[in-house]
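Okay, structure first, notes after.
Source: prediction; values computed, not measured.
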Amino acid sequence: LLKQLDDPDHNVRSHAALSLGQKDDKRALKALLEALRTETDLNVQEDITWSLVRMQEAALTPLIDLLEDPDPAVRLRVVHTLGKVGDARAVDALVDALADEDVSVVAKAAFALGQIGDVDAAPAIIDLLGHDNAEVQTTAVTVLERFGQSAAPSLIRALHDDRWHVREEAVNILGLMGDRAVVPVLIRTLQDEEWQVRLAAVTALGYLGGENAREALQVTFNDPEPRVRTLTREVMKRMKG
């Protein structure tokens, strides 16, 4: 089976990877890790990943060590595998991977942290909210929404971030969480210096609703930005309806 991992036929390699995983023989670990580095067929890569996940305890540290590989394609496969392993002991390494020079690795590392579900990673994920890459940005938002209410304290702190993009996304996510307990915090963001953040706050408060939100939105009828004033009128109509 170890020899078949190098077979020219991808079907043979796939069968070998799956069989080695089923045997759960730790003597195959080194070969599977090397196969993860060198395999180019996506289906075989998934079979190798499955086998490594079955060897969770033995594979964890060697996988983390592979995050130092100079090839970004290898690092991408590693963070993908670590996400499927789902062990919180990989969180620190995956947080470090959020600073990878390859944006695909960054996005996949963020996704893996969401799979593990350790909210201690929330501040590091929040730092990605202002990222230039759309995939990274979208993944960060998705992961923070998956964390749910446990990420709220970190998101509230992000409302004071120097980057308005981060503040804007933090407002959006807090609104989507649907907890009216954050309404007083969001009301304060109606005074943010950036109109995009204020616009997001109007949307979030309209979504959350409640008397406090309605009263606070009265102020934005006089907002200096026309787009904020227009949205306020639309939101208030919906709230009255």
Check your understanding: If you group Ile, Leu, Val, Met, Phe, Trp and Tyr by side-chain heavy-atom gaps below 4.5 Å, do Ile156 and Leu176 land in one group?
Key -> no
Revision key, fill the gap. Rounded to the nearest 0.5 Å, the CD atom of Gln149 sits from the CG atom of Asp179 at a distance of 4.5 Å
Check your understanding: Applying side chain to side chain donor-acceptor pair (under 3.5 Å), which residue pairs with at least one partner in residues 134-146 are found, sequence neighbours left out?
Key -> Gln137-Glu169
Check your understanding: Which heavy-atom pair separates Ala93 from Leu67 by the least distance, and what is that distance?
Key -> CB-CD1, 3.8 Å
Exercise for review: Using the side-chain contact (heavy atoms from CB on, under 4.5 Å) rule, take Val95 and Leu113 through it: C-alpha gap first, then chi angles, then the decisive distance, then the call.
Suggested key: CA-CA 8 Å; Val95 166; Leu113 286 165; 4.1 Å; yes
Point to revise | Which atom of Leu155 lies closest to which atom of Ala170, heavy atoms considered | key: O-CB, 3.7 Å
**Study point:** Partners passing side chain to side chain donor-acceptor pair (under 3.5 Å) against Glu68 (at least two apart in sequence or in another chain)
**Key:** none
Check your understanding: If every non-hydrogen atom of Val106 is compared with every non-hydrogen atom of Asp100, which pair is closest and at what distance?
Key -> CG2-O, 3.3 Å
**Study point:** side-chain contact (heavy atoms from CB on, under 4.5 Å) involving Lys30 - partner list, sequence neighbours excluded
**Key:** none
Practice item. Sorted by first residue and then second, give each salt bridge (Lys or Arg N to Asp or Glu O under 4.0 Å) pair with at least one member in residues 197-207; sequence neighbours left out. Key: Arg198-Asp223
**Study point:** Any side-chain heavy-atom pair of Leu82 and Leu94 under 4.5 Å
**Key:** yes
Practice item. Check salt bridge (charged side-chain N to carboxylate O under 4.0 Å, His left out) between Arg37 and all other residues, then give those that pass, not counting sequence neighbours. Key: Glu34, Asp69
Point to revise | Residues forming a side chain to side chain donor-acceptor pair (under 3.5 Å) with Thr220, sequence neighbours excluded | key: Thr232
Review point. Nearest 0.5 Å, what's the CG-CG distance between Asp9 and Asp41?
Key: 10.0 Å
Review point. Is any side-chain heavy atom of Gln218 less than 4.5 Å from a side-chain heavy atom of Met236?
Key: yes
Practice item. Verify side-chain contact (heavy atoms from CB on, under 4.5 Å) between Thr49 and Leu36, making sure each step is shown before the conclusion. Key: CA-CA 7 Å; Thr49 293; Leu36 185 69; 4.0 Å; yes
Check your understanding: Quick one: side-chain contact (heavy atoms from CB on, under 4.5 Å) partners of Asp161, sequence neighbours excluded?
Key -> Arg163, Val166, Arg167
Review point. Which residues pass the side-chain contact (heavy atoms from CB on, under 4.5 Å) test with Glu211, sequence neighbours left out?
Key: Arg214, Glu215
Study note, to complete from the structure: Tightest non-hydrogen contact, residues Trp50 and Leu18, listed as CZ3-O, 3.5 Å
Exercise for review: Give every residue pair that meets the salt bridge (Lys or Arg N to Asp or Glu O under 4.0 Å) criterion with at least one member in residues 147-156, sequence neighbours excluded.
Suggested key: none
Point to revise | Donor-acceptor contact present, side-chain Ser14 to main-chain Val44, <3.5 Å | key: no
Check your understanding: Side chains of Arg13 and Gln45: does their closest heavy-atom pair fall under 4.5 Å?
Key -> no
Practice item. Find out whether Asp6 and Thr38 are in side-chain contact, i.e. whether some heavy atom of one side chain is under 4.5 Å from a heavy atom of the other. Key: no
Check your understanding: So how far is it from Leu174 CG to Leu208 CG, rounded to the nearest 0.5 Å?
Key -> 8.5 Å
Study note, to complete from the structure: Here the gap from Leu32 atom CG to Leu5 atom CG, rounded to the nearest 0.5 Å, amounts to 6.0 Å
Point to revise | Heavy-atom side-chain proximity of Asp192 to Glu168 below 4.5 angstrom | key: no
Point to revise | Verify same cluster id: Phe221, Leu217 (apolar side-chain graph, 4.5 Å) | key: yes
**Study point:** Arg75 side-chain N/O to Pro70 backbone N/O, donor-acceptor pair under 3.5 Å
**Key:** yes
Exercise for review: Report yes or no: do Phe111 and Val53 belong to one cluster of Ile/Leu/Val/Met/Phe/Trp/Tyr joined by side chain heavy-atom distances under 4.5 Å?
Suggested key: no
Review point. Under the side chain to side chain donor-acceptor pair (under 3.5 Å) test, which residues partner Arg54, sequence neighbours left out?
Key: none
Practice item. Could you tell me the separation between the CD1 atom of Ile64 and the OG1 atom of Thr81, rounded to the nearest 0.5 Å? Key: 12.0 Å
Check your understanding: Which heavy atom in Val79 sits nearest to a heavy atom in Val105, and how many Å separate them?
Key -> CG2-O, 4.3 Å
Review point. In chain order, what residues pass the side chain to side chain donor-acceptor pair (under 3.5 Å) check against Thr203, with sequence neighbours excluded?
Key: none
Review point. To the nearest 0.5 Å, how far apart are CZ in Arg229 and CG in Leu199?
Key: 12.5 Å
In a table with atom names and distances, give each donor-acceptor pair under 3.5 Å that connects a side chain of residues 114-126 to protein atoms at least two apart or in another chain.
from   : atom 1 : to     : atom 2 : distance (Å)
Asp118 : OD1    : Asp120 : N      : 2.9

Point to revise | Shared hydrophobic cluster for Val185 and Leu205 (ILVMFWY, side-chain gaps under 4.5 Å) | key: yes
Review point. Is it the case that one hydrophobic cluster holds both Leu33 and Leu2, taking links as side-chain heavy atoms less than 4.5 Å apart, direct or via other members?
Key: yes
Review point. Do you know which two heavy atoms are closest between Val235 and Gly206, and how far apart they sit?
Key: CG1-CA, 3.4 Å
**Study point:** Worked check of side-chain contact (heavy atoms from CB on, under 4.5 Å) between Leu190 and Val202
**Key:** CA-CA 7 Å; Leu190 292 172; Val202 172; 3.9 Å; yes
Check your understanding: Between the side chain of Glu194 and the main-chain N/O of Gln196, is any donor-acceptor distance below 3.5 Å?
Key -> no
Point to revise | Salt bridge flag under 4.0 Å for residues Arg89 and Glu57 | key: yes
**Study point:** Intermediate values then yes/no, side-chain contact (heavy atoms from CB on, under 4.5 Å), Gln191 and Val219
**Key:** CA-CA 9 Å; Gln191 305 300 322; Val219 176; 4.0 Å; yes
